[in-house]
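Shown next, in structure tokens, is the structure this report addresses.
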2 protein chains.
Amino acid sequence: MESPTGLSTALRRGTLEFCVLALLENGELYSLELVQRLGSEQTLTTSEGTLYPLLSRLRRAGWVTTTWQEAPNGPPRRYYTLAASGKAALGHFRAEWVAFRDTVDRLVGTDPK
Amino acid sequence: MESPTGLSTALRRGTLEFCVLALLENGELYSLELVQRLGSEQTLTTSEGTLYPLLSRLRRAGWVTTTWQEAPNGPPRRYYTLAASGKAALGHFRAEWVAFRDTVDRLVGTDPK
DNA sequence: TCGACGTCCCTTGTGAGGCAAGGTACTGTG
DNA sequence: CACAGTACCTTGCCTCACAAGGGACGTCGA
């Protein structure tokens, strides 16, 4: 809890999966590509051990669909595509996130306005 | 995951304790008072079962100190006061939160700008 | 007097989910 | 053939939100 890295770890909870959905809105991606994209965001850096179970959940929920595609070199990749229900879930999250964000901003005094 | 309430539950993780610290910045409060304050925020509603372990953690971390005070009617109350280290932790959280919030806003497209 | 109720305190058990570490399989390249 | 690179995924641990349960002490009406 007291480590600086542990702080952002706790923050990621509940938002990471929707950040993944948001990334998939711009087109299909495969797992390690997602790790890279998230890793380039300082506060969202994550690992395979986090992402694979997360992607399995998204698939089980029907929010994403997957297709296997040959890679130019190396093993085949499982590409993830945003499904209609995933797009809807992302919409719900956006509303919830804005309300939550504003509440926290007001309470802790980080309101940008 | 798919329930609407479960969504905000996951969001609370990692922020709730700092919302508590922020509330204590304005003066000491006791447990059930904190439950009420948080309950009046739509996205932060929580229960005693959540708050008591959380407050124990804050106390163990030295971020808050407590004093027992007689109540006009009913059993004595344990009042929580923000300690210096808690104020520092809250400062760290503010920086981390702003960075995290902006990243999520940009990724999922809820940027208010 | 005595139980019902209100107001506090706190604990236990469950489940979700992030993460480090480990494991498998295929494809080059030297 | 050995070894590195790339991709997939699982196992076990730990933290934490929450529902449910429980105990102590006071007031008040029957």
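Chain identifiers are assigned alphabetically (A, B, ...) following the order of the sequence lines, protein sequences preceding nucleic acid strands; residue numbering begins at 1 within each chain.
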Could you walk me through whether Arg94(B) and Glu25(B) pass the salt bridge (charged side-chain N to carboxylate O under 4.0 Å, His left out) test, one step at a time?
CA-CA 14 Å; Arg94(B) 285 198 173 101; Glu25(B) 254 190 336; 3.1 Å; yes
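Side chain of Glu17(A), nearest nucleotide from dG17(C), dC10(C), dC9(C): dG17(C). Out of dC10(C), dC9(C), dA17(D), the shortest distance to the side chain of Arg12(B) is found at dA17(D). Taking only side-chain atoms of Leu54(B), from C-beta outward, the nucleotide of dA17(D), dA20(C), dC8(D) with the closest atom is dA17(D). Distances were taken from every side-chain heavy atom of Trp68(B) (C-beta onward) to each of dT7(C), dC10(C), dC18(D); the shortest belongs to dC10(C). Of all nucleotides listed (dA7(D), dA20(C), dG18(C)), dA20(C) comes nearest to the side chain of Ser47(A).
Between the side chain of Thr103(A) and the backbone N or O of Ala99(A) there is at least one donor-acceptor pair closer than 3.5 Å. In terms of modelled atom types and a separation under 3.5 Å, the side chain of Arg12(A) and the main chain of Thr43(A) share a donor-acceptor contact.
Classification of Glu41(B) and Arg106(A) as a salt-bridged pair holds, one side-chain N sitting under 4.0 Å from a carboxylate O.
The interatomic distance linking Glu70(B) (CD) with dC25(D) (C1') rounds to 11 Å, in whole Å. In this structure, the CZ atom of Phe100(B) is 13 Å from the C1' atom of dG18(C), given to the nearest Å. Put simply, CG on Leu11(A) is 14 Å from C1' on dT15(D), counting in whole angstrom units. Rounding to whole angstrom units, CD of residue Gln69(A) and C1' of dT6(D) are separated by 16 Å. What separates CG of Asn73(B) from P of dT27(D) is a distance of 8 Å, to the nearest Å. Computed from coordinates, the Arg60(B) CZ to dT11(C) C1' distance equals 13 Å when rounded to whole Å. Distance Leu16(B) CG to dC16(D) P: 11 Å, rounded to the nearest Å. Protein atom CG of Leu55(A) is 12 Å distant from nucleotide atom P of dT10(D), rounded to whole Å.
Between Pro75(B) and Tyr80(B), the residue whose closest nucleotide on DNA chain C is further toward the 5' end is Pro75(B). If Arg13(B) and Glu48(A) are placed on DNA chain C by their nearest nucleotide, the residue sitting closer to the 5' end is Arg13(B). Residue whose closest nucleotide on DNA chain D sits further toward the 5' end, between Leu32(A) and Gly49(B): Leu32(A).
Within the structure, a side-chain polar atom (N or O) of Thr50(A) is placed less than 4.0 Å from OP1 or OP2 of dC19(C). An OP1 or OP2 oxygen of dC9(D) is reached within less than 4.0 angstrom by no side-chain nitrogen or oxygen of Arg77(A). The shortest distance between the side-chain N/O atoms of Arg78(B) and the OP1/OP2 oxygens of dC9(C) is not below 4.0 Å. Contact annotation: Tyr52(A) does not reach the phosphate of dT10(D) (side-chain N/O to OP1 or OP2, under 4.0 Å). Contact annotation: Ser31(A) does not reach the phosphate of dA7(D) (side-chain N/O to OP1 or OP2, under 4.0 Å).
Side-chain contact check for Leu44(B) versus Phe100(A): some heavy-atom pair is nearer than 4.5 Å.
Note on Tyr79(B): nothing from the nucleic acid sits closer than 4.0 angstrom, heavy atoms only. Thr46(A) comes within 4.0 angstrom of sugar-phosphate atoms only, judged by non-hydrogen atoms across all strands, and of no base.
With a 6.0 Å radius and a threshold of 12 heavy atoms from other residues, nucleotides or ligands, Arg59(A) has its CZ atom above the threshold.
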